[in-house]
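Here's the structure, in structure tokens; my notes come after.
We number each residue from 1, following the sequence as shown.
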Amino acid sequence: MLILLPPSEGKALEGNGPPVGELSFPTLDKPRKRVLTALIKASKRRDALDVLGLTPGLAGELIRNQALRTAATLPAAELYTGVLYDNLGLGTLDDDARRRAEESVLIFSGLWGVLKVTDQVPPYRLSMGVNLPPLGGLATFWRPLLSKQLDRLPGLVVDLRSATYAGAWQPGDRSVAVRVFRDGKVVSHMAKATRGEIARALLESGADPATPAEFAKIVDALGHTCRLTEPARATRPWTLDVDTA
């Protein structure tokens with residue numbers, strides 16, 4: 001089983017490890033360097049905030065981006081601090097669940113492509129939704145590269161990513177995309193919390209669902225009302241709609 005997560009805008013302020021070195025999926029190192037170089041250049045532009053889709057209050061992130069090559073790092077498990085990660089609580093998992101997270105969790109990133117929870121990277125600011133000169137849209141840039149790496153990994157894929165990050169790799173009908181509803185409406189904040197809860201439950205239980213139906217039973221056991229929908233074609237994922245109270 002693979003568990004796919006988005007990153008979070010909320011991140012730890014700084015690391016205490018050495019500058020970024022070897023990461024998982026080392027064949028992605030060259031494209032990672034291309035994105036890093038493009039991000040540093042973009043962060044120096046007069047219109048950098050517009051290019052990166054940042055508000056004036058985040059201007060300090062431009063300085064951080066420019067220093068990424070020498071910045072101190074920390075594990076991805078500690079870097080991301082948003083709602084999903086608060087509910088996932090990687091730092092509070094027991095040893096067995098932590099080992100499962102190290103094996104099965106993949107975190108998608110506009111800058112690094114994809115990370116494992118043990119990969120050490122510095123805090124950065126770059127969304128997968130950015131059109132980064134001269135590379136263009138990052139989801140489009142990463143898609144063929146990630147497909148080549150990830151298509152060969154076995155097992156059911158539990159997709160807990162947001163739409164922006166889901167565009168970077170589509171595993172097809174061996175995956176289940178989770179959508180979260182409340183009173184019939186998609187809810188962003190609640191969706192992040194529920195996805196984090198689902199990821200934690202999978203890791204703590206030791207469950208290894210082989211089919212979308214087996215995964216739906218696990219989510220149903222958490223007390224949610226679920227509706228599993230088969231894809232219209234093999235290139236699309238199954239969909240699990242989860243209703244929260």
Does a salt bridge link Glu102 with Arg98, judged by any charged N lying under 4.0 Å from a carboxylate O?
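Salt bridge between Glu102 and Arg98, a charged N being under 4.0 Å from a carboxylate O: yes.
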Walk me through whether Val20 and Trp112 qualify under side-chain contact (heavy atoms from CB on, under 4.5 Å).
CA-CA 11 Å; Val20 65; Trp112 310 110; 4.1 Å; yes
Could you walk me through whether Val242 and Arg179 pass the side-chain contact (heavy atoms from CB on, under 4.5 Å) check?
CA-CA 6 Å; Val242 179; Arg179 302 190 303 180; over 6 Å; no
Side-chain contact test, heavy atoms from C-beta onward, threshold under 4.5 Å: evaluate it for [X] versus [Y] and give yes or no.
X      : Y      : value
Val114 : Leu146 : yes
Leu54  : Leu62  : yes
Arg125 : Leu52  : no
Leu222 : Glu197 : yes
Pro7   : Tyr165 : yes
Phe25  : Leu115 : no
Asp243 : Arg227 : yes
Asp173 : Arg236 : no

What pair of heavy atoms forms the shortest contact from [X] to [Y], and how long is it?
X      : Y      : result
Ala101 : Leu90  : CB-CD2, 4.0 Å
Ala38  : Leu132 : CB-CD2, 3.7 Å
Ser8   : Gly10  : OG-O, 2.6 Å

Decide yes or no on side-chain contact (heavy atoms from CB on, under 4.5 Å) for Val35 and Phe141, but give the supporting numbers first.
CA-CA 9 Å; Val35 179; Phe141 172 82; 3.4 Å; yes
So, taking the atom named [atom1] in [X] and the one named [atom2] in [Y], what distance separates them when rounded to the nearest 0.5 Å?
X      : Y      : atom1 : atom2 : answer
Gln170 : Leu150 : CD    : CG    : 12.0 Å
Glu9   : Ser127 : CD    : OG    : 7.0 Å
Met190 : Arg195 : CE    : CZ    : 12.5 Å
Ser175 : Leu4   : OG    : CG    : 7.5 Å
Leu5   : Leu84  : CG    : CG    : 5.5 Å

Within a 6.0 Å radius of atom [atom1] on [X], are there more than 12 heavy atoms belonging to other residues, nucleotides or ligands?
X     : atom1 : result
Arg69 : CZ    : yes
Glu14 : CD    : no
Asp94 : CG    : yes

I'd like to know if the side chain of [X] pairs up with that of [Y] as donor and acceptor (distance under 3.5 Å, no hydrogens or angles considered).
X      : Y      : result
Asn65  : Ser43  : yes
Gln149 : Thr27  : yes
Thr92  : Arg200 : yes

Could you check whether Lys11 makes a cation-pi contact with Tyr124, meaning its NZ or CZ is under 6.0 Å from the centre of the six-membered ring and within 45° of the ring axis?
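Output yes; distance and angle both within limits.
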What verdict does the side-chain contact (heavy atoms from CB on, under 4.5 Å) test give for Trp142 and Arg32, after you've listed the backbone C-alpha separation in whole Å, the side-chain angles of each residue and the deciding distance to 0.1 Å?
CA-CA 10 Å; Trp142 282 116; Arg32 284 167 173 153; 3.8 Å; yes
Return the orientation label for the Trp169 and Phe108 ring planes: parallel under 30°, perpendicular over 60°, tilted otherwise.
parallel
